[in-house]
> 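Supplied in structure tokens, the structure appears directly below.
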Amino acid sequence: MAENDKGLLRRIGETLRDWGPFRRDFWYSPIRGPWMASFFSLLLLIVLPIVFITGLIDHIAWNPDLGGTNNRTPDMGLLGFLTGIEWPTRPIWLYRLTEGIHVVLGISLIPLVFAKLWSIMPTLYKWPLADSVGQALERLSILFLIGGIFFQIFTGLIYIQNFVILHNFKFNQLHFYGNWIFIAGLVLHVLVKFPVMVEGLKARGVRKELEKSLEETEPEPREEGRLVSTDPAPPSISRRGAIAVVAGSALTMIALAVGQTLGQRWSWLAILSPRAQSPGDGPNDFRVNKTAKKAEIKPEQVGPNWRLELVGNTSQMLSREDLLAMPQYTSSLPISCLEGWSTGNQDWEGVRLRDLAEMAGMPNAEKVLFESLESTDAAARMSFMRRNQFQDPLSLLALRVNGVDLSLDHGYPARAIVPATPGNRNTKWIYRMTFMEEA
Ligand SMILES: Nc1nc2c(c(=O)[nH]1)N[C@H]1C(S)=C(S)[C@@H](COP(=O)(O)O)O[C@H]1N2
Ligand SMILES: [Mo]
């Protein structure tokens, strides 16, 4: 029986070896080879760490140690050190920049990853899959790497489309834990392949190869691996031409995505962004993440009977008139969503959060909890901010924006607005603020 199995496996292997993409002469591109594969690796080695690090920065920006909905990925493991770092409030565009880079460069990875896959395609069709334990490990790392990258791009892309069906899927967990698979694959791969990449580039030189025209383009010499075709077709594009196509695609992705982070004036550029639609130019006509209707805010909740419950050492009820009678301040701040889009600066007017902390008798509280009238979405219903955030003179409980009352969609009667903070921490339709000491 065992003998027969072996025979069968071997026969399958032999058949596969001679079939379609498993055949060496199936691959005929004259420009595929170690140099091309190494060049695309180099591009990825520059972009991937930036996307990875700005992703981690996003976790710091949420202040996960404050708990509640700030912490959607408990058990951060090795990355636990990200918890407890005080996210700064300056520069005011900090999160706009880091998250903009994360999303925009993340999108530009799509053509880069496909180019890299193309450049190593024949090695994926190798039979037997591995000749040694080392090779098996290497191939396993590639599986983690490719699987991880696609998973991250896929979950990220779906999330920023804000599809209604997928709105509540556990994006934070998926995108965070999926990252582990990806980074494990990447670290292993770089450890094994870095010297190979350097060799691959050195053998032909980066500049020298990029200077070659189509006429000067020739296949690389046959190597031990399977990248160079055994039967190359005449070149129809130079290596630099192929690289230009890939880089041009990545730059196009960037151009089509970056408009959403540059504010309203450029949003028309972001044609692939669901937030690109121009919302008009009235004082309240800047992007809305979730409308009051979607959040099921009822008119009687936000009418004259609305009160802000301010909790600290004491508890008091404040009407909108009470709040408007307090010293009013204006802060020019953007909304920067973790989906990557941001508004330009808006002129928010209202009461300083630190004045409210004072009023609650807890100017040195550790944190403040905002609670929203909305009941449809547990994740959006509340948010914590740290002391450095509510003490910043620009941090407001906003009542008005751009010279008029807040619109219902932007959080009337009152919303939080704090510099450099992820958009989703700026709770709308607030009915209670609770200042708290350390638990
Ligand atoms: N109560 C509540 N507050 C909320 C949200 C929400 O869905 N519910 N969305 C948040 C998110 S994700 C962002 S980006 C900002 C968007 O504010 P805007 O709709 O006024 O532009 O509000 C935040 N505040
Ligand atoms: Mo957001």
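Atoms within each ligand, like the ligands themselves, are counted from 1 in listed order.
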> Taking only residues two or more places apart in sequence, or in another chain, which ones meet T54 in a side-chain hydrogen bond (donor to acceptor under 3.5 Å, both in side chains)?
H102

> Around F144, counting heavy atoms of other residues, nucleotides and ligands shown, do more than 12 lie under 6.0 Å from its CZ?
no

> State whether D377 and K294 are salt-bridged, where the test is any N-O pair (Lys NZ or Arg NE/NH1/NH2 against Asp/Glu carboxylate O) under 4.0 Å.
no

> Could you check whether E138 pairs with K193 (Lys NZ or Arg NE/NH1/NH2 to Asp/Glu carboxylate O, under 4.0 Å)?
yes

> Start with the C-alpha gap between T376 and E374, add the side-chain angles, then the distance that decides, and say whether side chain to side chain donor-acceptor pair (under 3.5 Å) holds.
CA-CA 6 Å; T376 53; E374 88 158 284; 2.9 Å; yes

> Would you say the side-chain atoms of D322 and Q316 include a donor-acceptor pair closer than 3.5 Å?
no

> Does ligand 1 have any N/O atom under 3.5 Å from a protein N/O, and what are those pairs and their distances?
| from | atom 1 | to | atom 2 | distance (Å) |
| --- | --- | --- | --- | --- |
| ligand 1 | 1 (N) | S372 | OG | 3.0 |
| ligand 1 | 1 (N) | E374 | OE2 | 2.9 |
| ligand 1 | 1 (N) | K428 | O | 3.3 |
| ligand 1 | 3 (N) | K428 | N | 3.0 |
| ligand 1 | 7 (O) | K290 | NZ | 3.1 |
| ligand 1 | 8 (N) | E374 | OE2 | 2.3 |
| ligand 1 | 17 (O) | R415 | NH2 | 3.2 |
| ligand 1 | 19 (O) | N289 | N | 2.7 |
| ligand 1 | 19 (O) | K428 | NZ | 2.6 |
| ligand 1 | 20 (O) | H410 | ND1 | 2.6 |
| ligand 1 | 20 (O) | R415 | NH1 | 2.6 |
| ligand 1 | 21 (O) | R287 | O | 2.6 |
| ligand 1 | 22 (O) | R415 | NH2 | 3.3 |
| ligand 1 | 24 (N) | N426 | O | 3.0 |

